[in-house]
Amino acid sequence: MSESRLERRFAALKAEGRGGLVTFTTAGDPDYDTAYKILQRLPEAGADVIELGMPFSDPMADGPSIQAAGLRALDAGMTLRKTLEMVRSFRAEDDVTPIVLMGYYNPIYSYGVDAFVKDALDAGVDGLIIVDLPPEEDDELCEPAVAAGLHFIRLATPTTDDARLPKVLTNTSGFIYYVSIMGITGTKAASGDAVRAAVTRLKGHTDLPVAVGFGIRTPEQAAEVAAVADAAVVGTAIVEQVKAGLGPDGLAGAGLVDGVIDYVASLAQGVRAARQG
Amino acid sequence: MTTPNSYTTGPDERGHFGNFGGRFVAETLMPLILEVEEAYDAAKNDPSYQADIDYYAKHYTGRPSPLYFAERLTQEFGGAKVYFKRDELNHTGSHKINNCLGQVLLAKRMGKTRIIAETGAGQHGVAAATVCALFNLPCIVYMGATDIARQAPNVFRMKLLGAEVVPVTSGTGTLKDAMNDALRDWVANVESTFYIIGTAAGPHPYPAMVRDFQSVIGREVREQMMEAEGRLPDSLVACIGGGSNALGLFHPFLNDQDVQITGVEAAGHGIPTGEHAASLTGGRPGVLHGNRTYLLQTDDGQIKDAHSISAGLDYPGIGPEHSWLNDIGRVKYVSATDKEALECFQLCSRLEGIIPALEPSHALAHVRKVAPDLPRDHLLVMNMCGRGDKDVFTVAEALGVEI
């Protein structure tokens, strides 16, 4: 089998000698059309890998900003089926930028695991990050997804010690997502030294690219992380740009998409300025 | 589905009761969940741990709680002989203290220095705050803003006991949202913090652990009924939110095939209205709060808000062992509406001089339905799992009375 989009993208980043930018936005936030316009323009703004959040009513690992984004999307009628439609539309125009769906298990379980894996592949999804499926539950979705050709990207955290890391890395492919803090999304940031030490530790266990996220808010922080990791993940701060672009009626304002895209472009410039030694 | 030889061997090593249960948590929590499991397995086999639980159960909680023959209600219904297991007489006014004592003693063994808990009606929050006062541990209780408004007396009790009550405004501000925020706190404070989950739900080992702590209820009933009537009861009835009081009563009887067992969910305004909290009657299997179980959810797998006049039953899920007992048919699950519970709240107060909590008032509503048609030698035990002092304002409002 040929390399996947994710593998090609990380190989290209390595060849360029720079870390990548992974962006997170919630599918359908604040509405389908606006979210799709953002998605379409993320590659030109400099997103190397796109994480697309599947909204869930009870996102237990997310902070207030991403919780609110999910509720905005759900209130506007977003569903898992529509999220897959959005990826399919994107894929018709862009066949190179990897898309990873991120979210929680229940909507997928409700959809039906086999049907979801098939429809996600058909739509052009490259990988899955499912927050509440640890390796202990691999037979639920990870194994069928990997068998069908999707990447299953696992989170490693400061509590994942050396004894546990091999278990977390088993069945993980595409990249490993290092959650640099103990906590929910968007609350605090890890120090540069802590990130460097963590990446070194992970690299001792795997050849997979390491993306680092949770708490990155500025181009400078993104640059600092991208200098030591294979990619920096930014979520909450982008989602907050969506919120900032809402009108008083809670609907998308005229400058919302531009605001989000300009912000992502500033992150991308930061990342690109930080060449790895 | 085949009938198992025993109903009490679960869960398996992965925390599964049949297809239900499991450990659906974020990676940050997973190492800690495994640590809790290991610590609990070690504690279970340590006689000094059980001795500690027994000591506090007797001298602090006031166990055993009486098994009381409710003579006037029995006359009123004109059928089955109705007994109440009086867990509302426990210190703090409900069965919740049984679980909190077990968990706080485990937290101490594990060297944890900070306790968090979620609460709906406030009964579990009060019990958690109580044991934290007793064992000198800081206690943070997450409680939905909606529930804080309707359970003001319990909020004040928790504060008197030294706990910090954190209002939860996410979602609809009820029990499920409080549990989300407690889990978020835990993710951020795994090193120091023990999460005392209030019901027999959540990731393994919680459903089994909470059940074990509550099973003292059923074990006492076995002995007390033998003493009172010389035989086991014919049927058991208990209300179900997450279902810990019910499992506590049911579990020691699951292998007694002749004992009929019924769990009563909250039907709110009625199942057809969609405004209810009956996960088994009106939901389907899904994954939330660390376990697979029956959930109230939309076609898209989004969790729906539950409704019940009783804050303690106002939860869109149910403990995974109940889901399994439902599917294999060992326990029958029914429901009672807000209106029926309110009627029985008043009936029990007038006829027995016992003001029940709104939660067991649902159980009594089912007893009222079935008892008249049962023979007079039928021994029925209902778990009176909480007292109703906390509910007098809610009930007054529902009855249009100004206090």
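Atom set for the values below is all heavy atoms of this structure, side chains included, hydrogens, waters and symmetry mates excluded. All chains are named by letter (A, B, ...) in the order of the sequence lines, taking the proteins before the strands, and each is independently numbered beginning at 1.
- Looking at A/P55, only its backbone comes within 4.5 Å of chain B, counting heavy atoms on both sides.
- The residue among B/D300, B/L29, B/V187 with the most heavy atom pairs within less than 4.5 Å of chain A is B/D300.
- Note on A/M182, A/E137, A/R164: by heavy-atom pairs under 4.5 Å with chain B, the leading option is A/E137.
- A salt bridge links B/D181 to B/R184: one of the charged nitrogens lies within less than 4.0 Å of a carboxylate oxygen.
- Of the charged side-chain nitrogens involved, at least one lies within less than 4.0 Å of a carboxylate oxygen, so that B/D41 and B/K44 count as a salt-bridged pair.
- Interface check for chain B: of the options A/D139, A/L133, A/I130, the most heavy-atom pairs under 4.5 Å are formed by A/D139.
- The greatest number of non-hydrogen atom pairs below 4.5 Å with chain A, out of B/M179, B/R292, B/Q297, is found for B/R292.
- Between B/A117 and B/A128 the shortest heavy-atom distance is CB-CB, 3.9 Å.
- Residue B/L295 touches chain A through its side chain alone, counting heavy-atom pairs closer than 4.5 Å.
- Only the backbone of B/D299 comes within contact range of chain A, with heavy atoms under 4.5 Å apart.
- Your options are A/L71, A/T157, A/T159, A/N106, and the one with the most heavy-atom pairs under 4.5 Å with chain B is A/N106.
- Only the side chain of B/H16 comes within contact range of chain A, with at least one heavy atom under 4.5 Å from a heavy atom of that chain.
- Only the side chain of A/L74 comes within contact range of chain B, with at least one heavy atom under 4.5 Å from a heavy atom of that chain.
- A donor and an acceptor atom, one from each side chain of B/S170 and B/D177, are nowhere located under 3.5 Å apart.
- If you measure heavy-atom distances from A/D161 to chain B, you find no contacts under 4.5 Å at all.
- A/D114 has no carboxylate O lying under 4.0 Å from a charged side-chain N of A/K118, or vice versa, which leaves the two without a salt bridge.
- Between A/Y109 and A/F116, the distance from one ring center to the other does not fall under 6.0 angstrom.
- Heavy atoms closer than 4.5 Å to chain A are found in both the backbone and the side chain of B/P285.
- Side-chain polar atoms of A/D31 and A/T34 form a donor-acceptor pair below 3.5 angstrom.
- Ion pair A/D162/A/R201 flagged as a salt bridge, since at least one NZ, NE, NH1 or NH2 atom sits closer than 4.0 Å to an Asp/Glu carboxylate oxygen.
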